[in-house]
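Please read these numbers as outputs of a predicted model, since none were measured by experiment.
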Amino acid sequence: MKVHAAVVRSFDRPPLYEPFELPDPAGDDQAEAEVLAIGLHPRVRSAAAGLHYTSTGELPMIPGVDGVARLPGGRIVYFVADDGLPGPMATHAVVDVRRSVPIPAGTDLPRIAAGMNPAMSSWVALRRRVPIAPGQSVLILGATGNAGQMAVQIARRLGAGRVVGAGRDRTRLARLPDLGADDIVALDDGPGALAEAAADVDLVLDYLWGKPAGDAILTLLRARADRSREMNWIQIGSVAGPTIQLPSVALRSANFRLQGNGQGAVSTRAYLEELPALIEEIDSGAIAVTARVEPLAEVESVWSAPESPGVRTVLIP
Ligand SMILES: NC(=O)c1ccc[n+]([C@@H]2O[C@H](COP(=O)([O-])OP(=O)(O)OC[C@H]3O[C@@H](n4cnc5c(N)ncnc54)[C@H](OP(=O)(O)O)[C@@H]3O)[C@@H](O)[C@H]2O)c1
């Protein structure tokens with residue numbers, strides 16, 4: 001089928017809106033769906049730049065990791081794209097129906113397309129990777145972006161006793177108490193401020209990695225009143241850098257458990273099982289999501305336009 005799609009022909013240029021030949025669905029588990037909304041997430045950008053760890057280097061490619069679509073027969077679903085199929089940034093996409101969940105009638109579809117990917121990062125981390133126990137304390141490192149802000153709200157929804165948000169942008173940090181943060185820390189206030197707010201935290205959701213995360217690990221471990229108390233560090237994003245330097249003593253001198261959350265760390269099945277509840281949370285307004293809707297046909301200019309912090313661009317075919 002001939003469709004129109006955002007087509008990446010070079011990893012260093014934005015996609016172009018072009019005709020594209022969509023392959024036929026293979027087998028009963030696949031269907032040709034009409035795409036209704038697609039989120040332009042950081043993960044989508046990194047794959048379109050050939051930089052994501054799942055990238056194969058093959059071009060041309062159609063970007064996108066998830067979206068909202070109408071299946072043949074009319075059912076509207078949220079779906080997670082299959083790495084083996086062209087991405088969903090197109091008027092139509094082949095969807096693996098096993099990787100889709102129905103969306104209730106009346107749901108704001110751009111909110112779902114905008115919110116599921118960033119919200120899933122903390123939801124799945126705290127439900128599947130290291131299930132949170134009621135009353136535990138959570139530090140969100142990098143709490144000012146879409147995923148970080150949602151993590152503050154989700155940690156609260158999932159029973160955290162105390163939530164601390166840390167980041168670099170003071171204006172955006174100042175908004176976090178309204179979303180449920182008990183305390184906020186500006187990272188350039190230095191290690192003392194972080195230690196005071198979060199020394200005895202149980203879980204850390206880390207969206208930064210790089211130097212701020214390496215520094216924060218050592219700061220928190222040194223400041224712990226009881227070093228035998230578990231500190232579960234869940235690595236989720238790396239906006240501050242792809243690597244850290246970590247002295248081995250960090251892993252020996254305290255009950256420090258370092259793990260990641262993402263595609264591969266948690267099974268696809270576990271992700272899918274979490275989706276209906278998360279759709280409900282976003283649909284009910286329990287998690288604040290701000291979507292900026294743009295036409296897919298304008299993808300080339302939208303791709304290069306500056307992003308507003310805390311707002312997720314959603315492309316509509
Ligand atoms: N593993 C998963 O399941 C999963 C799922 C979703 C997202 N992620 C990852 O999580 C990260 C955040 O995603 P997102 O959707 O929240 O992106 P986003 O909305 O673009 O937010 C990123 C935020 O990071 C902050 N930032 C950038 N560099 C920083 C630095 N050096 N120090 C402190 N803060 C910095 C910026 O905040 P300020 O400009 O306000 O400082 C920006 O708002 C990305 O790496 C993404 O790929 C992972």
Side-chain angles (χ1 to χ4, degrees), residues 2-23 35 37-67 79-94 110 113-114 116-118 120-121 142 144-148 167-169 206-214 235-245 260 262-265 290-317:
K2 198 65 118 190
V3 302
H4 262 79
V7 183
V8 177
R9 297 203 170 271
S10 162
F11 288 128
D12 54 11
R13 285 204 302 275
L16 302 173
Y17 188 66
E18 290 182 352
F20 178 78
E21 189 63 40
L22 192 66
V35 180
I38 322 111
L40 179 44
H41 312 296
R43 156 83 173 79
V44 174
R45 288 182 184 277
S46 67
L51 298 175
H52 194 257
Y53 59 86
T54 58
S55 298
T56 61
E58 276 173 43
L59 288 174
M61 70 166 292
I62 312 299
V65 293
D66 64 352
F79 68 97
V80 178
D82 187 320
D83 286 336
L85 291 167
M89 221 168 250
T91 51
H92 292 78
V94 176
M116 289 296 280
N117 172 271
M120 211 181 291
S121 66
T144 56
N146 280 281
R168 67 175 179 184
D169 182 315
D206 169 22
Y207 290 94
L208 299 182
W209 207 234
K211 186 160 185 337
Q235 207 307 298
I236 301 178
S238 51
V239 294
T243 57
I244 61 168
Q245 280 208 325
Q263 207 176 337
T290 311
R292 176 173 72 109
V293 170
E294 298 285 355
L296 176 62
E298 304 296 326
V299 64
E300 187 183 355
S301 58
V302 169
W303 201 271
S304 314
E307 296 261 79
S308 308
V311 177
R312 180 53 35 90
T313 301
V314 172
L315 295 166
I316 307 288

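Atom OG1 of residue T144 and atom OH of residue Y207 lie 11.5 Å apart, to the nearest 0.5 angstrom. Distance check, rounded to the nearest 0.5 Å: CZ of R312 to CZ of R292 gives 11.0 Å. Separation of atoms CD1 (I38) and CD1 (I316) is listed at 7.0 Å; rounding is to 0.5 Å. In this structure, CD1 in I236 is found 10.5 Å from CG in L208, a value given to the nearest 0.5 Å. Atom CZ of residue R43 and atom OG of residue S121 lie 13.0 Å apart, to the nearest 0.5 angstrom. Distance check, rounded to the nearest 0.5 Å: CG of L22 to CG of L85 gives 8.5 Å.
A265 approaches G260 most closely through the heavy-atom pair CB-O, 3.5 Å. Considering every non-hydrogen atom in both G64 and V44, the closest pair reads N-CG1, 3.6 Å. Here the closest non-hydrogen pair linking V314 and P110 is CG2-O, 3.6 Å. What you find for P23 and V94 is that their closest heavy atoms are O-CG2, 3.3 Å. I244 and G214 make their closest contact through CG2-N, 4.0 Å (heavy atoms, listed as atom of the first residue, atom of the second, distance). When all heavy atoms are compared, the tightest approach of A113 to A37 is CB-CB, 3.8 Å.
Side chain of R45 to main chain of W303: a donor-acceptor pair is present (N/O by atom type, distance under 3.5 Å, no hydrogens or angles). Between the side chain of T91 and the backbone N or O of V3, no donor-acceptor pair lies under 3.5 Å. Put simply, the side chain of Q235 gets close to the backbone of G237: a donor and an acceptor are under 3.5 Å apart.
Partners of R168 according to the side chain to side chain contact (heavy atoms under 4.5 Å, CB included) rule, which considers only residues two or more places apart in sequence or in another chain, do not exist here.
Side-chain contact between Q263 and V65 is absent, with no heavy-atom pair separated by less than 4.5 Å. In this structure, T56 and M61 have side chains that are not in contact, with every pair of non-hydrogen atoms separated by 4.5 Å or more. For the pair P15/I62, no side-chain contact is recorded, criterion being any heavy-atom separation below 4.5 Å from C-beta on. For the pair R13/S304, no side-chain contact is recorded, criterion being any heavy-atom separation below 4.5 Å from C-beta on. Counting heavy atoms from C-beta outward, H4 and Y17 have side chains that approach closer than 4.5 Å.
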Going through the distances and angles, do L40 and E294 end up as a side-chain contact (heavy atoms from CB on, under 4.5 Å)?
CA-CA 10 Å; L40 179 44; E294 298 285 355; over 6 Å; no

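When the shell of 6.0 Å around CD of Q245 is examined, it contains 12 or fewer heavy atoms from other residues, nucleotides or ligands.
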